[in-house]
Every structure is written in C-alpha cells, then in structure tokens.
Number of protein chains: 2
Amino acid sequence: MTTAASAPAKPSFKEQMLQAREEAIVQTANRLLAEKGFESMTVDEVAASVGIAKASLYKHFPSKEDLAAAAMVRLMQRTQDVLASVQVDQKPIDKLRAVARWSMEAQLAGEMPSLPHQNSSLRAALMNNRGYLDRLVAISDTLGGWIQAAQADGTLNPKLPAIAVLYTLFARACDPVLGFLKSSGLQSDAEIVDLVLGTCFDGLASR
Amino acid sequence: MTTAASAPAKPSFKEQMLQAREEAIVQTANRLLAEKGFESMTVDEVAASVGIAKASLYKHFPSKEDLAAAAMVRLMQRTQDVLASVQVDQKPIDKLRAVARWSMEAQLAGEMPSLPHQNSSLRAALMNNRGYLDRLVAISDTLGGWIQAAQADGTLNPKLPAIAVLYTLFARACDPVLGFLKSSGLQSDAEIVDLVLGTCFDGLASR
DNA sequence: GTCTATAAATTGATAGAC
DNA sequence: GTCTATCAATTTATAGAC
C-alpha cells in the first residue's frame, strides 16, 4: 500500500506472480489429492512437484490441512462455475445430468479428490473453513432446487428424499467404478462416462 | 506334531487359542480399516484395541500390509460364504440384490473396509497375495454368472458390459452415501439400505 | 509368544541465512 | 519469499529379556 490508493483493481506484477505461484501449488495439491488421497500425499511431494522448497510452500499455507483445504475450496469454486454455466433452458434432470457428467469427466482427468474419511484431520479442517462450507451450502442449494424441480415434473423419482439424491450425486463424482473401468482398458473415457452416468440415473435393472 | 499323527483334524487347545487370538487381531484390523482407512490406521492402535503389545502382533503378522491383507482375505471369505448361502431358487437379479444388500448392511455395521487407493502399498500387497486374488476371482466368477443370467432373462440391462455391473456392485459395497445418510440421522439403517439399493438397481430417474 | 525398550525411517513443521 | 539444514513427533519394525 505504498503506491496508489486504488490498489484492489490493479494488482501489481509481484502480486500476480505470487497468486500464480499459489495457484500452481493448489493445482498440484489437487492433483495429488485425487491421485493418492490426503493421508498418502506428502508436503515434500507437493513442493517437489511444484519445483519449490518445502519451507517456501509453508510461507503460503500454514499447514498440510490448510493446503488441502485450499484445493477443496478451489474445487468448490470450479463446481460453482459449472453450475452457473449450465444451460438455463434445460429440463431440471438434464441440468443434474450435466453436472454429474462434468464431475465424472473431471475424475477421469485426475482432477477430482476423493471425499475425506469421516475422522480425517482434513475433514475437521474443512468443517472449520468458512469459505469451504459457504460454497458447499450454495452448491447444495442450487442442486437441491434442481432436484425438487425434477421431482415435481416427474422425471426424477419423487419417492427419494432430496438429500439422498444430493449425496448420491456427490458420491458419484468420486465413484471408483470410473477408475476401475479405465484401468481395465476396455472402454474409452467417453464410453465410461456414459456408462456410469447411465447406471446412476437409470439403474442396473432393465427399463 | 509330537503327539498323534492325525493332527489336522483335531487342533490342540493351544492352537485353538492361537487361532482365536489371530482372529481377534484380524477382526479389529478389519474394523479399523473400515473406520479410518489403511493409511490412518496405526499398528499401535490395533494392538492396543486387541489388548496385546505391538511386538506380539508382529509375531503373528510380518508387516502392516500383511495384517491388512489378512483382514481383506477374511472379508473375501465372508463374501464367499454369503454367495454360497444365497437361495438357489431366486431369480438371478434377486441374488445380486441379496449380495448387494448384505454388503451395505455390513458397511453400516462398520465392517466394510473401503477400497484401497490405486497406488497404495496395501493394494500392491493384495496384488501379490494369492489367497486374496484367488478368492476375488472366484467371487467375480460367481457374480459374473449371475449377471449374465440376469441379462439373459432380461431383468438386468443387457446393454451394460458385465464387468461394469460387477465393478458397480463392488463399489456400492463401500458407497459413502450410506455413511452420509446415517450421519444425517433422518433415516433408519433399514431405510438407508433400501434407498441405496433402490437407486443402485433402479436409478435416480422415475420409472 | 508376550512383554518393555528402542532402533530406524518418514514426515509435518520451523530456524535462520540470503 | 526462497533456500538449506534441522527439529520434533509419529510410526513401522525389531532386539532381547522372560
């Protein structure tokens, strides 16, 4: 704040560099979280993958939990962006399908961290992270509205509690079936997504 | 082998005690694996929960991976027992439903370890464990037969690759949706199982 | 086989120079 | 802010007495 007073509109070159480095760190953390989970991911590994020293990383994030939480917040932001970009004129169930499809594509691309275990230290950190919780609530509200609308127009099973549908969509974003099928090598990524998306909405049984 | 020659039919009292202790260790490991996953489970914790010293545990199992693998083998055995006890006169799809139901009830009871991550040291140990692999193949064969029969009689969607159905059933055994719904406290265990089993076979969309 | 005590390795986090 | 070097705590695994 030593130069112009109207700082927030135009970040300095140094600030841009700082933010770009943080984005690189968080992106790497996100990838490793998706690849091996929070417990198996080491801070040394993140730092080495980014190409900086571990102590430098700790100047940006005070703990491993905070680093992982930043990656999860970034994921929530991206999810909100996806929700905002969904075609408004679609049927509600197709909006839900579109979001589920995106999440599955993201998982196949190695960008979808799996859900933290119930008593993980990461989960505790997330439950104390306002930025994460607010975004999670906002996402749940948007999806909840679509779910209710889809049940009202009869396309989504009205007998299911809306919260069960919501949780199912979250869970399918990290469905291990996608990785299993990919490693079997029998289908293309697009076919895998279609398969899992189909079984999610239409079930295993014949229609 | 110092007493009678026909040893295998009648284990001595000491051998029974030994096997009972090992069963207690493996059962505890199974519970902790389900509760916190392989990485977060510590050998100290298993030993303390069983009520023995850690060094004693290492007399039974040479490593943490071997201990966890023993728990997974035990799970495969229990699964084979369930497969063998399924009513033979049921329709194939109802056999599949029965197995899926059992796995979900086991998960709600805290007895179902989640699948190890792709590059986990546990996964590597399992892939080198003949007892585990053989049972996994046998289970897959049995389920695969039922899947093909259910597709042949038209009750299971014939357009789905059988391997996709098989992987889906494995994945639903550790579906995090069950735990989410349980912690929400809105449904009973039986209702949760019915819900998730229903969405698995019938999908989220209306029929 | 079970125990206490300890080794050996990993890893989250920090000190301090530049 | 970034680095090298190191600390401190955890955790897997083992030594050795009984």
Side-chain angles (χ1 to χ4, degrees), chain A residues 1-2 11-26 28-29 32-33 35-72 116-117 119-126 128, chain B residues 1-2 11-26 28-29 32-33 35-71 116-117 119-126:
Chain A
M1 290 298 186
T2 56
S12 73
F13 181 72
K14 267 194 177 177
E15 281 165 342
Q16 286 185 36
M17 289 297 294
L18 179 76
Q19 205 154 1
R21 172 136 344 174
E22 285 204 354
E23 166 63 17
I25 296 172
V26 174
T28 299
L32 289 173
L33 280 176
E35 193 176 311
K36 31 206 323 189
F38 176 72
E39 284 78 15
S40 296
M41 177 188 82
T42 69
V43 180
D44 294 77
E45 204 175 5
V46 178
S49 182
V50 175
I52 62 175
K54 180 164 56 170
S56 305
L57 192 155
Y58 272 100
K59 298 283 182 179
H60 292 271
F61 302 95
S63 74
K64 183 186 177 185
E65 281 77 13
D66 285 288
L67 169 59
M72 295 302 289
H117 241 278
N119 61 357
S120 161
S121 63
L122 173 57
R123 184 175 172 84
L126 290 175
N128 282 324
Chain B
M1 289 298 188
T2 57
S12 73
F13 180 73
K14 266 194 177 178
E15 282 166 341
Q16 287 186 37
M17 290 297 294
L18 179 76
Q19 205 155 2
R21 172 133 348 173
E22 285 204 354
E23 166 63 17
I25 296 171
V26 174
T28 300
L32 289 172
L33 280 176
E35 194 175 310
K36 26 200 338 184
F38 177 73
E39 283 80 14
S40 296
M41 176 188 83
T42 69
V43 180
D44 294 78
E45 203 174 8
V46 177
S49 182
V50 175
I52 63 174
K54 180 165 56 173
S56 305
L57 192 154
Y58 272 100
K59 297 284 182 179
H60 293 270
F61 303 94
S63 74
K64 182 184 176 184
E65 281 76 14
D66 284 288
L67 170 59
H117 241 278
N119 61 355
S120 162
S121 63
L122 173 57
R123 183 176 172 84
L126 290 175

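Chain A is the first sequence line, chain B the second, and so forth, proteins listed ahead of strands; every chain is numbered from 1. Atoms considered below: every heavy atom in the structure, side chains included; atoms not considered: hydrogens, waters and symmetry mates. Model, not experiment: these values are computed from the prediction.
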- Query: Mapping B:Leu18 and A:Ser40 to their closest nucleotides on DNA chain C, which lands nearer the 5' end?
  - Reply: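 Comparing both residues, the 5'-ward one is B:Leu18.
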- Query: If each of A:Glu39 and B:Lys59 is mapped to the nucleotide of DNA chain C with the nearest heavy atom, which maps nearer the 5' terminus, i.e. the 5' end?
  - Reply: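 Its nearest nucleotide being more 5', the pick is B:Lys59.
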Using whole Å, report how far [atom1] of [X] lies from [atom2] of [N].
X       : N      : atom1 : atom2 : value
B:Leu67 : D:dT12 : CG    : P     : 10 Å
B:Lys54 : D:dT14 : NZ    : P     : 11 Å
A:Met41 : C:dG12 : CE    : P     : 8 Å
B:Leu57 : D:dT12 : CG    : P     : 11 Å
B:Glu45 : D:dA13 : CD    : P     : 15 Å
B:Gln19 : C:dG1  : CD    : P     : 12 Å
A:Asp44 : C:dG12 : CG    : P     : 6 Å
A:Lys36 : C:dT10 : NZ    : C1'   : 13 Å

- Message: Taking any heavy-atom pair under 4.0 Å as a contact, classify A:Thr42: base, sugar-phosphate, or nothing.
- Response: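 Answer is sugar-phosphate: A:Thr42 comes under 4.0 Å of backbone atoms only.
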- Message: Applying a 4.0 Å non-hydrogen cut-off, can you work out what A:Met17 is touching in the nucleic acid: base, sugar-phosphate, or nothing?
- Response: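 Counting heavy atoms under 4.0 Å across all strands, no contact is made by A:Met17.
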Shortest non-hydrogen separation from [X] to [Y] and the atoms involved:
X       : Y       : value
A:Phe61 : A:Asp66 : CD2-O, 4.3 Å
A:Glu39 : B:Ser40 : CG-OG, 3.2 Å
A:Ser49 : A:Thr28 : OG-CG2, 3.4 Å

- Query: Does a sphere of radius 6.0 Å around CD in A:Gln19 hold more than 12 heavy atoms from other residues, nucleotides or ligands, not counting ones at 6.0 Å or beyond?
  - Reply: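 Result for CD/A:Gln19: open.
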- Distance check: side-chain N/O of A:Tyr58 vs OP1/OP2 of C:dA13, anything under 4.0 Å?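 So the side chain of A:Tyr58 is within the cut-off, an N or O lying under 4.0 Å from OP1 or OP2 of C:dA13.
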- Does B:Ser56 have a side-chain nitrogen or oxygen under 4.0 Å from the phosphate oxygens OP1 or OP2 of C:dC3?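 Yes, because at least one side-chain N or O of B:Ser56 sits under 4.0 Å from OP1 or OP2 of C:dC3.
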- Is there side-chain contact between B:Lys64 and B:Leu122, with heavy atoms separated by less than 4.5 Å?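 No, side chains not in contact.
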- Message: Side chain of B:Ala55, heavy atoms from C-beta onward: which of D:dC3, C:dC3, C:dT2 has the nearest atom to it?
- Response: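 Selected nucleotide (nearest to the side chain): C:dC3.
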- Counting side-chain heavy atoms from C-beta on, which of D:dT12, C:dC3, C:dT2 comes nearest to B:Arg21?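 The answer is C:dT2.
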